[in-house]
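Following: one structure in C-alpha coordinates, then a few remarks.
Values reported hereafter were calculated over all heavy atoms of this structure, with side chains retained and with hydrogens, waters and symmetry mates removed. This one's a predicted model, so the numbers in the text were calculated from it and none came from an experiment.
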Number of protein chains: 2
Amino acid sequence: MELDRIDRKIVATLMADATVPLARLADIVGLSQTPCWKRVRRLQESGVIRARVAVVDPERLGLGLTVFAGVSAPEQTPSWHDRFGELLDEIPEVMDAYQLAGNHDYVLRIVVPDMAGFDRIRQRITEAIPVREISANFALRRLKAQTALPIDTKSA
Amino acid sequence: MELDRIDRKIVATLMADATVPLARLADIVGLSQTPCWKRVRRLQESGVIRARVAVVDPERLGLGLTVFAGVSAPEQTPSWHDRFGELLDEIPEVMDAYQLAGNHDYVLRIVVPDMAGFDRIRQRITEAIPVREISANFALRRLKAQTALPIDTKSA
DNA sequence: GATGAAACTTACATAAT
DNA sequence: ATTATGTAAGTTTCATC
(Lines give C-alpha, C1' and ligand atoms only; values in the text may rest on other atoms or scores of the structure.)
Protein backbone atom coordinates (compact mmCIF):
# COMPACT_ATOMS: atom_id res chain seq x y z
CA MET A 1 0.00 0.00 0.00
CA GLU A 2 1.22 3.45 -0.89
CA LEU A 3 1.11 6.13 1.78
CA ASP A 4 0.40 9.66 0.74
CA ARG A 5 1.25 12.80 2.64
CA ILE A 6 -1.92 12.67 4.72
CA ASP A 7 -1.36 9.05 5.72
CA ARG A 8 2.14 9.89 6.82
CA LYS A 9 0.90 12.82 8.83
CA ILE A 10 -1.64 10.60 10.56
CA VAL A 11 1.05 8.08 11.36
CA ALA A 12 3.47 10.74 12.56
CA THR A 13 0.84 12.24 14.83
CA LEU A 14 -0.14 8.92 16.36
CA MET A 15 3.48 7.90 16.83
CA ALA A 16 3.95 11.01 18.95
CA ASP A 17 0.72 10.62 20.89
CA ALA A 18 -1.86 7.94 20.29
CA THR A 19 -4.39 9.53 22.62
CA VAL A 20 -5.35 12.39 20.31
CA PRO A 21 -9.04 12.06 19.58
CA LEU A 22 -10.22 11.51 16.05
CA ALA A 23 -11.73 14.98 15.79
CA ARG A 24 -8.43 16.66 16.55
CA LEU A 25 -6.47 14.25 14.39
CA ALA A 26 -8.77 15.06 11.48
CA ASP A 27 -8.18 18.74 12.10
CA ILE A 28 -4.40 18.31 12.22
CA VAL A 29 -4.21 16.46 8.92
CA GLY A 30 -6.81 18.67 7.24
CA LEU A 31 -9.61 16.19 6.76
CA SER A 32 -13.05 15.76 8.21
CA GLN A 33 -13.73 12.97 10.66
CA THR A 34 -15.18 10.31 8.40
CA PRO A 35 -12.38 10.00 5.83
CA CYS A 36 -9.78 10.47 8.53
CA TRP A 37 -11.26 7.62 10.51
CA LYS A 38 -11.29 5.41 7.43
CA ARG A 39 -7.61 6.08 6.87
CA VAL A 40 -6.70 5.29 10.45
CA ARG A 41 -8.58 2.04 10.23
CA ARG A 42 -6.96 1.17 6.92
CA LEU A 43 -3.52 1.91 8.34
CA GLN A 44 -4.26 -0.42 11.23
CA GLU A 45 -5.72 -3.22 9.18
CA SER A 46 -2.91 -3.14 6.65
CA GLY A 47 -0.35 -3.41 9.43
CA VAL A 48 1.31 -0.03 9.03
CA ILE A 49 0.13 0.77 12.54
CA ARG A 50 1.02 -2.35 14.48
CA ALA A 51 -0.24 -1.47 17.94
CA ARG A 52 -0.88 1.23 20.44
CA VAL A 53 1.15 0.82 23.56
CA ALA A 54 2.03 2.61 26.77
CA VAL A 55 5.60 3.85 27.03
CA VAL A 56 6.93 3.28 30.51
CA ASP A 57 10.00 4.58 32.33
CA PRO A 58 12.27 1.57 32.92
CA GLU A 59 13.93 3.16 35.95
CA ARG A 60 10.59 3.36 37.70
CA LEU A 61 10.15 -0.37 37.28
CA GLY A 62 13.55 -1.08 38.75
CA LEU A 63 15.04 -1.86 35.36
CA GLY A 64 18.13 0.27 35.64
CA LEU A 65 20.60 -1.68 33.52
CA THR A 66 20.74 -1.85 29.75
CA VAL A 67 23.29 -4.12 28.15
CA PHE A 68 24.22 -4.42 24.51
CA ALA A 69 25.32 -7.96 24.00
CA GLY A 70 27.10 -9.13 20.90
CA VAL A 71 26.60 -12.78 20.04
CA SER A 72 28.47 -14.68 17.37
CA ALA A 73 27.30 -17.97 15.98
CA PRO A 74 29.54 -21.06 16.17
CA GLU A 75 28.40 -22.11 12.72
CA GLN A 76 26.67 -20.44 9.82
CA THR A 77 23.77 -22.86 9.50
CA PRO A 78 20.15 -21.82 8.99
CA SER A 79 19.03 -24.15 11.78
CA TRP A 80 21.26 -22.43 14.32
CA HIS A 81 19.91 -19.03 13.34
CA ASP A 82 16.35 -20.30 13.53
CA ARG A 83 16.83 -21.77 16.96
CA PHE A 84 18.53 -18.62 18.14
CA GLY A 85 15.60 -16.51 16.97
CA GLU A 86 13.14 -18.73 18.80
CA LEU A 87 15.23 -18.57 21.95
CA LEU A 88 15.26 -14.78 21.91
CA ASP A 89 11.49 -14.70 21.57
CA GLU A 90 11.21 -16.59 24.83
CA ILE A 91 13.36 -14.15 26.77
CA PRO A 92 11.44 -10.95 27.55
CA GLU A 93 14.56 -9.21 28.83
CA VAL A 94 15.86 -9.25 25.26
CA MET A 95 14.09 -6.15 24.02
CA ASP A 96 15.61 -5.92 20.55
CA ALA A 97 17.76 -8.15 18.44
CA TYR A 98 19.43 -7.50 15.11
CA GLN A 99 21.53 -9.63 12.86
CA LEU A 100 24.54 -7.60 11.81
CA ALA A 101 26.80 -7.35 8.83
CA GLY A 102 29.74 -6.65 11.09
CA ASN A 103 32.07 -8.38 13.53
CA HIS A 104 29.47 -9.94 15.74
CA ASP A 105 26.66 -11.81 14.17
CA TYR A 106 23.97 -10.38 16.42
CA VAL A 107 23.46 -7.51 18.77
CA LEU A 108 20.90 -7.74 21.56
CA ARG A 109 19.58 -4.98 23.76
CA ILE A 110 18.93 -6.54 27.13
CA VAL A 111 17.10 -4.72 29.93
CA VAL A 112 17.49 -6.00 33.49
CA PRO A 113 17.46 -4.70 37.07
CA ASP A 114 21.19 -5.20 37.66
CA MET A 115 24.33 -7.06 36.75
CA ALA A 116 23.11 -10.26 38.35
CA GLY A 117 20.03 -10.06 36.19
CA PHE A 118 22.18 -9.79 33.10
CA ASP A 119 24.29 -12.74 34.09
CA ARG A 120 21.18 -14.84 34.45
CA ILE A 121 20.18 -13.99 30.88
CA ARG A 122 23.70 -14.62 29.62
CA GLN A 123 23.66 -18.04 31.26
CA ARG A 124 20.24 -18.84 29.97
CA ILE A 125 21.39 -18.15 26.44
CA THR A 126 24.66 -20.08 26.64
CA GLU A 127 22.96 -23.07 28.21
CA ALA A 128 20.22 -23.15 25.62
CA ILE A 129 22.34 -22.88 22.50
CA PRO A 130 26.02 -23.12 21.60
CA VAL A 131 27.60 -19.73 20.92
CA ARG A 132 31.10 -18.83 19.84
CA GLU A 133 31.25 -15.69 21.92
CA ILE A 134 29.16 -13.24 23.87
CA SER A 135 30.43 -9.74 24.46
CA ALA A 136 28.75 -7.20 26.71
CA ASN A 137 28.68 -3.42 26.64
CA PHE A 138 27.03 -1.84 29.61
CA ALA A 139 25.13 1.41 29.28
CA LEU A 140 26.16 4.13 31.70
CA ARG A 141 23.43 6.48 30.65
CA ARG A 142 20.55 6.69 28.24
CA LEU A 143 20.73 9.95 26.32
CA LYS A 144 17.82 9.37 24.01
CA ALA A 145 15.05 6.82 23.66
CA GLN A 146 12.63 7.59 20.89
CA THR A 147 9.70 5.57 19.68
CA ALA A 148 8.60 7.80 16.80
CA LEU A 149 10.20 6.92 13.49
CA PRO A 150 11.80 9.71 11.44
CA ILE A 151 9.14 10.28 8.83
CA ASP A 152 8.90 13.05 6.30
CA THR A 153 5.45 14.63 6.38
CA LYS A 154 6.19 17.46 3.98
CA SER A 155 7.06 16.01 0.60
CA ALA A 156 4.50 14.32 -1.61
CA MET B 1 6.48 6.06 44.36
CA GLU B 2 6.27 2.39 45.16
CA LEU B 3 4.45 0.15 42.73
CA ASP B 4 2.55 -2.80 44.09
CA ARG B 5 1.55 -5.91 42.23
CA ILE B 6 -1.62 -4.36 40.85
CA ASP B 7 0.19 -1.29 39.55
CA ARG B 8 2.69 -3.50 37.79
CA LYS B 9 -0.09 -5.53 36.26
CA ILE B 10 -1.75 -2.38 34.98
CA VAL B 11 1.50 -1.20 33.49
CA ALA B 12 2.26 -4.59 31.95
CA THR B 13 -1.18 -4.74 30.38
CA LEU B 14 -0.98 -1.25 28.90
CA MET B 15 2.55 -1.83 27.61
CA ALA B 16 1.21 -4.76 25.63
CA ASP B 17 -1.90 -2.97 24.38
CA ALA B 18 -2.93 0.53 25.37
CA THR B 19 -6.32 0.23 23.72
CA VAL B 20 -7.86 -2.06 26.32
CA PRO B 21 -10.88 -0.28 27.77
CA LEU B 22 -10.86 0.62 31.43
CA ALA B 23 -13.62 -1.86 32.26
CA ARG B 24 -11.58 -4.76 30.91
CA LEU B 25 -8.37 -3.51 32.47
CA ALA B 26 -10.11 -3.35 35.83
CA ASP B 27 -11.28 -6.90 35.33
CA ILE B 28 -7.80 -8.13 34.41
CA VAL B 29 -6.16 -6.65 37.49
CA GLY B 30 -9.02 -7.60 39.79
CA LEU B 31 -10.34 -4.17 40.69
CA SER B 32 -13.51 -2.30 39.96
CA GLN B 33 -13.50 0.51 37.48
CA THR B 34 -13.12 3.55 39.72
CA PRO B 35 -10.07 2.52 41.77
CA CYS B 36 -8.47 1.11 38.63
CA TRP B 37 -8.97 4.38 36.85
CA LYS B 38 -7.41 6.27 39.76
CA ARG B 39 -4.34 4.07 39.57
CA VAL B 40 -3.94 4.56 35.84
CA ARG B 41 -4.19 8.30 36.31
CA ARG B 42 -1.68 8.27 39.16
CA LEU B 43 0.73 6.20 37.08
CA GLN B 44 0.45 8.73 34.29
CA GLU B 45 0.79 11.82 36.45
CA SER B 46 3.76 10.43 38.33
CA GLY B 47 5.55 9.72 35.06
CA VAL B 48 5.66 5.95 35.28
CA ILE B 49 3.53 5.86 32.15
CA ARG B 50 5.21 8.39 29.90
CA ALA B 51 2.97 8.29 26.86
CA ARG B 52 0.70 6.22 24.72
CA VAL B 53 1.99 5.88 21.21
CA ALA B 54 1.33 4.06 17.97
CA VAL B 55 3.91 1.44 17.01
CA VAL B 56 4.58 1.58 13.29
CA ASP B 57 6.33 -0.79 10.90
CA PRO B 58 9.47 1.02 9.72
CA GLU B 59 9.61 -0.96 6.47
CA ARG B 60 6.20 0.36 5.48
CA LEU B 61 7.47 3.90 5.83
CA GLY B 62 10.45 3.17 3.62
CA LEU B 63 12.84 3.08 6.56
CA GLY B 64 14.59 -0.15 5.74
CA LEU B 65 18.04 0.46 7.16
CA THR B 66 19.03 0.37 10.80
CA VAL B 67 22.59 1.28 11.70
CA PHE B 68 24.32 0.96 15.03
CA ALA B 69 26.91 3.70 15.12
CA GLY B 70 29.64 3.84 17.69
CA VAL B 71 30.92 7.31 18.45
CA SER B 72 33.96 8.08 20.57
CA ALA B 73 34.62 11.50 22.02
CA PRO B 74 37.83 13.35 21.20
CA GLU B 75 38.04 14.61 24.76
CA GLN B 76 36.44 13.68 28.04
CA THR B 77 34.98 17.08 28.88
CA PRO B 78 31.45 17.64 30.22
CA SER B 79 30.84 20.34 27.64
CA TRP B 80 31.53 18.00 24.75
CA HIS B 81 29.11 15.43 26.14
CA ASP B 82 26.47 18.10 26.71
CA ARG B 83 26.79 19.41 23.17
CA PHE B 84 26.69 15.90 21.80
CA GLY B 85 23.49 15.17 23.68
CA GLU B 86 21.86 18.31 22.32
CA LEU B 87 22.94 17.44 18.80
CA LEU B 88 21.37 13.99 19.01
CA ASP B 89 18.10 15.49 20.18
CA GLU B 90 17.95 17.49 16.98
CA ILE B 91 18.39 14.46 14.72
CA PRO B 92 15.18 12.42 14.54
CA GLU B 93 16.93 9.58 12.69
CA VAL B 94 18.84 8.89 15.88
CA MET B 95 16.26 6.78 17.61
CA ASP B 96 18.24 5.77 20.69
CA ALA B 97 21.56 6.78 22.16
CA TYR B 98 23.46 5.31 25.09
CA GLN B 99 26.70 6.25 26.73
CA LEU B 100 28.72 3.09 27.19
CA ALA B 101 31.26 1.77 29.62
CA GLY B 102 33.04 -0.02 26.81
CA ASN B 103 35.28 0.64 23.84
CA HIS B 104 33.19 3.27 22.17
CA ASP B 105 31.86 6.11 24.21
CA TYR B 106 28.40 6.06 22.67
CA VAL B 107 26.21 3.81 20.64
CA LEU B 108 23.46 5.24 18.47
CA ARG B 109 20.65 3.40 16.75
CA ILE B 110 20.00 5.25 13.53
CA VAL B 111 17.03 4.52 11.28
CA VAL B 112 17.14 5.69 7.66
CA PRO B 113 15.79 4.70 4.24
CA ASP B 114 19.14 3.61 2.83
CA MET B 115 22.90 3.92 2.94
CA ALA B 116 22.83 7.42 1.49
CA GLY B 117 20.51 8.43 4.28
CA PHE B 118 22.94 7.11 6.83
CA ASP B 119 25.83 8.95 5.27
CA ARG B 120 23.91 12.19 5.52
CA ILE B 121 23.43 11.66 9.24
CA ARG B 122 27.07 10.69 9.68
CA GLN B 123 28.14 13.88 7.92
CA ARG B 124 25.73 15.98 9.90
CA ILE B 125 27.23 14.70 13.12
CA THR B 126 30.87 15.06 12.12
CA GLU B 127 30.28 18.57 10.81
CA ALA B 128 28.47 19.66 13.93
CA ILE B 129 30.89 18.38 16.52
CA PRO B 130 34.43 16.99 16.60
CA VAL B 131 34.55 13.23 17.05
CA ARG B 132 37.48 10.88 17.38
CA GLU B 133 35.84 8.07 15.49
CA ILE B 134 32.55 6.83 14.15
CA SER B 135 32.04 3.15 13.47
CA ALA B 136 29.02 1.68 11.75
CA ASN B 137 27.37 -1.71 12.02
CA PHE B 138 24.60 -2.32 9.56
CA ALA B 139 21.64 -4.46 10.45
CA LEU B 140 20.86 -7.23 8.02
CA ARG B 141 17.68 -8.26 9.75
CA ARG B 142 15.61 -7.35 12.74
CA LEU B 143 14.80 -10.49 14.72
CA LYS B 144 12.99 -8.83 17.57
CA ALA B 145 11.71 -5.38 18.40
CA GLN B 146 9.84 -5.21 21.66
CA THR B 147 8.39 -2.19 23.39
CA ALA B 148 7.09 -3.88 26.54
CA LEU B 149 9.59 -3.91 29.38
CA PRO B 150 10.28 -7.22 31.18
CA ILE B 151 8.28 -6.72 34.33
CA ASP B 152 7.45 -9.23 37.01
CA THR B 153 3.72 -9.21 37.77
CA LYS B 154 3.70 -12.19 40.09
CA SER B 155 5.81 -11.38 43.13
CA ALA B 156 4.69 -8.86 45.75
C1' DG C 1 -11.29 -0.55 48.52
C1' DA C 2 -16.77 -1.48 45.94
C1' DT C 3 -21.13 0.21 43.55
C1' DG C 4 -24.16 2.74 40.79
C1' DA C 5 -25.14 6.26 38.02
C1' DA C 6 -24.88 10.80 35.85
C1' DA C 7 -22.52 13.76 32.52
C1' DC C 8 -19.52 14.01 29.05
C1' DT C 9 -16.54 12.55 25.20
C1' DT C 10 -15.32 9.58 21.58
C1' DA C 11 -15.84 5.94 18.28
C1' DC C 12 -18.18 4.10 14.72
C1' DA C 13 -21.70 3.75 11.16
C1' DT C 14 -24.84 5.52 7.76
C1' DA C 15 -27.02 8.61 4.66
C1' DA C 16 -27.20 12.75 1.77
C1' DT C 17 -24.53 16.00 -1.00
C1' DA D 1 -14.05 14.37 -0.30
C1' DT D 2 -17.98 17.06 2.91
C1' DT D 3 -21.67 17.78 6.53
C1' DA D 4 -25.09 15.87 9.41
C1' DT D 5 -26.94 12.64 12.41
C1' DG D 6 -27.52 8.70 15.50
C1' DT D 7 -26.20 4.96 18.46
C1' DA D 8 -23.10 2.42 20.99
C1' DA D 9 -19.13 2.49 23.84
C1' DG D 10 -15.84 4.45 26.74
C1' DT D 11 -14.18 7.98 30.09
C1' DT D 12 -14.49 10.79 33.97
C1' DT D 13 -16.64 12.51 38.03
C1' DC D 14 -19.41 12.09 42.05
C1' DA D 15 -22.20 10.34 45.84
C1' DT D 16 -22.72 6.43 48.87
C1' DC D 17 -21.31 2.38 51.24
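Between Asp27(A) atom CG and dT3(D) atom C1' there is a gap of 15 Å when expressed in whole angstrom units.
Every pair tested for salt bridge (charged side-chain N to carboxylate O under 4.0 Å, His left out) that includes a residue from residues 80-89 of chain A fails, sequence neighbours excluded, so the list is empty. Among residue pairs with one or both ends in residues 111-125 of chain A, those qualifying as salt bridge (charged side-chain N to carboxylate O under 4.0 Å, His left out) are Asp119(A)-Arg122(A); sequence neighbours excluded. Residue pairs satisfying the salt bridge (charged side-chain N to carboxylate O under 4.0 Å, His left out) criterion with at least one member in residues 54-68 of chain B, sequence neighbours excluded, are listed as follows: Arg50(A)-Asp57(B).
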Could you pull out all donor-acceptor pairs under 3.5 Å where a side-chain atom in residues 90-97 of chain A meets a protein atom, sequence neighbours excluded?
residue  : atom : partner   : partner atom : Å
Asp96(A) : OD1  : Gln146(B) : N            : 3.3
Asp96(A) : OD2  : Arg109(A) : NE           : 2.7
Asp96(A) : OD2  : Arg109(A) : NH2          : 2.5

In a table with atom names and distances, give each donor-acceptor pair under 3.5 Å that connects a side chain of residues 27-41 of chain B to protein atoms at least two apart or in another chain.
residue  : atom : partner : partner atom : Å
Arg39(B) : NH1  : Asp4(B) : OD1          : 3.0
Arg39(B) : NH1  : Asp4(B) : OD2          : 3.1
Arg39(B) : NH1  : Asp7(B) : OD1          : 3.0
Arg39(B) : NH2  : Asp4(B) : OD2          : 3.2

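In this structure, Asp17(A) has no salt bridge (charged side-chain N to carboxylate O under 4.0 Å, His left out) partners at least two apart in sequence or on a different chain. For Asp152(B), the side-chain contact (heavy atoms from CB on, under 4.5 Å) criterion is met by Lys154(B), Ser155(B), not counting sequence neighbours. Applying the ring pair (Phe, Tyr, Trp, His ring centres under 6.0 Å) criterion to Phe84(A), with sequence neighbours excluded, gives Trp80(A), Tyr106(A). Qualifying side-chain contact (heavy atoms from CB on, under 4.5 Å) partners for Ala18(B), counting only residues two or more places apart in sequence or in other chains: Arg52(B).
The two residues Ala73(B) and His81(B) come nearest to each other via the heavy atoms CB-CE1, 4.3 Å.
Secondary-structure stems of DNA chain D, taken as three or more successive Watson-Crick or G-U wobble pairs (i with j, i+1 with j-1) under a 3.5 Å distance threshold, comprise C:1-17 with D:1-17.
Backbone-only engagement by Arg39(B) is indicated by non-hydrogen atom pairs under 4.0 Å involving sugar-phosphate atoms exclusively.
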Q: Determine, for nucleotides 4-17 of chain D in 5'-to-3' order, which nucleotides have protein heavy atoms under 4.0 Å from the base (write B), from only the sugar-phosphate (write S), or from neither (write -).
A: B-----SBBSB---
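Read 5' to 3', the first and last nucleotides of DNA chain C with an atom closer than 4.0 Å to a heavy atom of chain B are dG1(C) to dG4(C).
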